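Just so we're clear, the structure is a prediction, and the values are computed from it rather than from any experiment.
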Amino acid sequence: MDGIIFHTLDKLFAKTGVSPSEIDIIVSSVSLFSPVPSLTARVINHYKMREDIKAFNLSGMGCSASVVAVDLVKQLFKTYKNSLAIVVSTESMGPNWYSGKDKSMMLSNILFRTGGCSMLLTNNRALKHKALLELTCSVRTHIGSNDEAYSSCIQVEDDLGHKGFRLTRDLPKAGAKALTMNLRVLLPKVLPLSELLRYKISYYRNKIMKRPTSKAAGPGLDLRSGIDHFCVHPGGRAIIDEVGKSLALNDYDLEPARMALYRFGNTSSGGLWYVLGYMEAKKRLKKGDKILMISLGAGFKCNNCVWKVMKDLEDTNVWQDCIDQYPPKTIDNPFSEKFDWINDESMNFARIEDFLPQIQLLA
């Protein structure tokens, strides 16, 4: 945690010229690690921040925690004027390695990786000329009352008592349902009135004439009338494909999410910022563009927001050493042929604990 949090914050303070003593609010979003003292207390101690700083720690919020943190800061800004806030998003994977034999829980070992990001937010209009992005709206949706959605992504113990993270086949379905409910609220806030009227007229015309609606047609709205880029959470190939299908997105739209997943894996709450970084490194983000940030996480939650680009962005950021190599010609797993035996149902994984009694007996 120290390596990620302090490294990203050091770079953030150096890049913005803001002193740690100027920070009014700090929010950390780490789902699987909640120490005492808290992570924000650790940051405050490390940088010797002010005594009146407002500190918040979000845990158990899953991969969508970063957007939850941003939304929390947005609400706090209504009370605290002309303030500076820091959001630190990362995840602790080491202590949560699954060492059992349940395949639905083994997936997290190879899907999730450690990574993180720190962001500086402000509601001080005097700093608008320095801003890279402006938050225009955010919408949070929680369908935890649905049992299938709730258990589709959950931390549990297997039959042998080994703690791990279980991802079920209901995950893409839960994601699609939560996303649909979220966009019903968010899209009217960002799409032009003309597009909303066109959709309404088309919807009722088809209903009156009893025309079937193609499921492959996406939401029926022209999302590009109000959105230029789609920053999809790199939660896994199935999640990315399901979001792409639901919104009728093309390969260009999904490329940033797929490349972030391929290069960095699922870095949980920090994942969205690797996707955004890819767009920036590829020089896609131009002044005035709008970005729909789509996050999905355990609970089950869908938290989305829309950012407006305030200036042309070209920083190569974390992609600096490899952006010219992306996208590769193929993203097939190069280890599939060599390690495909891992999927053989007849194979049983052995752990040293299974043989300790025999070893002790021989000794």
Side-chain angles (χ1 to χ4, degrees), residues 1-73 76 80 83-97 112-122 124 127 130-133 233-234 260 263-278 280-281 295 297 313 315-323:
M1 291 293 97
D2 286 349
I4 295 173
I5 294 175
F6 297 148
H7 176 72
T8 56
L9 284 175
D10 286 345
K11 292 179 66 176
L12 181 66
F13 291 135
K15 185 176 181 179
T16 60
V18 173
S19 169
S21 62
E22 298 179 71
I23 303 302
D24 303 290
I25 301 168
I26 180 170
V27 182
S28 73
S29 57
V30 182
S31 293
L32 301 176
F33 185 56
S34 183
V36 178
S38 66
L39 291 174
T40 52
R42 195 169 182 83
V43 172
I44 292 170
N45 175 263
H46 181 81
Y47 291 103
K48 308 305 177 188
M49 293 177 167
R50 300 199 318 261
E51 292 81 3
D52 62 344
I53 189 171
K54 306 299 182 291
F56 301 85
N57 293 270
L58 302 180
S59 63
M61 304 297 287
C63 298
S64 65
S66 192
V67 176
V68 175
V70 170
D71 184 71
L72 173 60
V73 171
L76 290 170
Y80 301 100
S83 299
L84 290 171
I86 281 179
V87 170
V88 181
S89 295
T90 182
E91 192 55 88
S92 175
M93 303 312 304
N96 296 284
W97 177 268
F112 290 97
R113 287 193 237 166
T114 298
C117 182
S118 294
M119 293 75 68
L120 178 65
L121 307 173
T122 184
N124 189 340
L127 299 175
K130 293 185 176 182
L132 303 179
L133 303 168
H233 168 59
R263 172 64 180 84
F264 296 103
N266 183 347
T267 52
S268 191
S269 62
L272 283 170
W273 306 102
Y274 288 84
V275 179
L276 186 67
Y278 183 90
E280 184 178 4
S295 69
L313 302 180
D315 186 5
T316 52
N317 51 79
V318 72
W319 292 89
Q320 183 175 4
D321 63 340
C322 61
I323 190 61

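Looking at Ser269, its side chain does come within 3.5 Å of a backbone N or O of Thr90 through a donor-acceptor pair. Using modelled atom types, no side-chain atom of Lys15 and backbone atom of Phe13 make a donor-acceptor pair closer than 3.5 Å. Between the side chain of Glu91 and the backbone N or O of Ser31, at least one donor-acceptor pair lies under 3.5 Å. In terms of modelled atom types and a separation under 3.5 Å, the side chain of Tyr278 and the main chain of Trp273 share no donor-acceptor contact. Of the possible polar contacts, none joining the Asp24 side chain to the Ser83 backbone as a donor-acceptor pair under 3.5 Å is found.
Residue Thr40 holds its OG1 atom at 5.0 Å from CD1 of Ile44, rounded to the nearest 0.5 Å. Atoms CG and CD, on Asn317 and Glu280 in that order, are 5.0 Å from each other to the nearest 0.5 Å. Taken to the nearest 0.5 Å, the CD1 atom of Ile26 stands 6.5 Å off from the CG atom of Leu9. Residue Ile23 holds its CD1 atom at 5.0 Å from CG of Leu84, rounded to the nearest 0.5 Å. Interatomic distance, OG of Ser19 versus OH of Tyr47, reported as 11.0 Å (0.5 Å rounding). With values rounded to the nearest 0.5 angstrom, Met119 atom CE is found 9.0 Å from Leu12 atom CG.
In terms of heavy atoms, Val88 sits closest to Ile86 at CG2-CG2, 3.7 Å. The shortest non-hydrogen separation linking Ile53 to Ile25 is CG1-N, 4.1 Å. Nearest heavy-atom pair, Val87 versus Ala69, reported as atom, atom and distance to 0.1 Å: CG1-CB, 3.6 Å. Across Arg263 and Arg113, no two heavy atoms sit closer than the pair O-NH1, 3.0 Å. Across Ala281 and Trp319, no two heavy atoms sit closer than the pair CB-CB, 4.1 Å. In plain terms, the two heavy atoms of Pro234 and Leu272 that are nearest each other are CD-N, 4.2 Å.
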Practice prompt. Please step through side chain to side chain contact (heavy atoms under 4.5 Å, CB included) for the pair Leu72 and Leu76, ending with a clear verdict.
Written response: CA-CA 6 Å; Leu72 173 60; Leu76 290 170; 4.1 Å; yes
Discussion item. Applying side chain to side chain contact (heavy atoms under 4.5 Å, CB included) to Thr267 and Met93, what does each step give before you reach the verdict?
Written reply: CA-CA 9 Å; Thr267 52; Met93 303 312 304; over 6 Å; no
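The shortest distance between side-chain heavy atoms of Val30 and Met1 falls below 4.5 Å. You'll find the side chain of Val18 reaches within 4.5 Å of the side chain of Leu120, heavy atoms only. Side-chain contact between Tyr80 and Val73: absent, with no pair of heavy atoms (C-beta onward) separated by less than 4.5 Å. Proximity of Lys48 to Asn45: side-chain heavy atoms (C-beta onward) are separated by under 4.5 Å at one or more points. Looking at heavy atoms from C-beta onward, His233 lies out of side-chain contact with Val275 at the 4.5 angstrom threshold. Under the 4.5 Å side-chain criterion, counting only non-hydrogen atoms from C-beta, Leu313 is in contact with Leu133. With contacts defined as side-chain heavy-atom distances shorter than 4.5 Å, the pair Leu39/Phe33 qualifies. In this structure, Cys63 and Phe112 have side chains that are in contact, with non-hydrogen atoms separated by less than 4.5 Å.
Exactly one of Ser29, Ser268, Ser118 qualifies for a side-chain hydrogen bond (donor to acceptor under 3.5 Å, both in side chains) with Ser89. That residue is Ser29.
Using bins of under 30°, 30° to 60° and over 60° for the plane-to-plane angle, the ring pair His46/Phe6 lands in the parallel bin.
Pairs engaging residues 29-42 under the salt bridge (charged side-chain N to carboxylate O under 4.0 Å, His left out) rule: Asp2-Arg42 [sequence neighbours left out].
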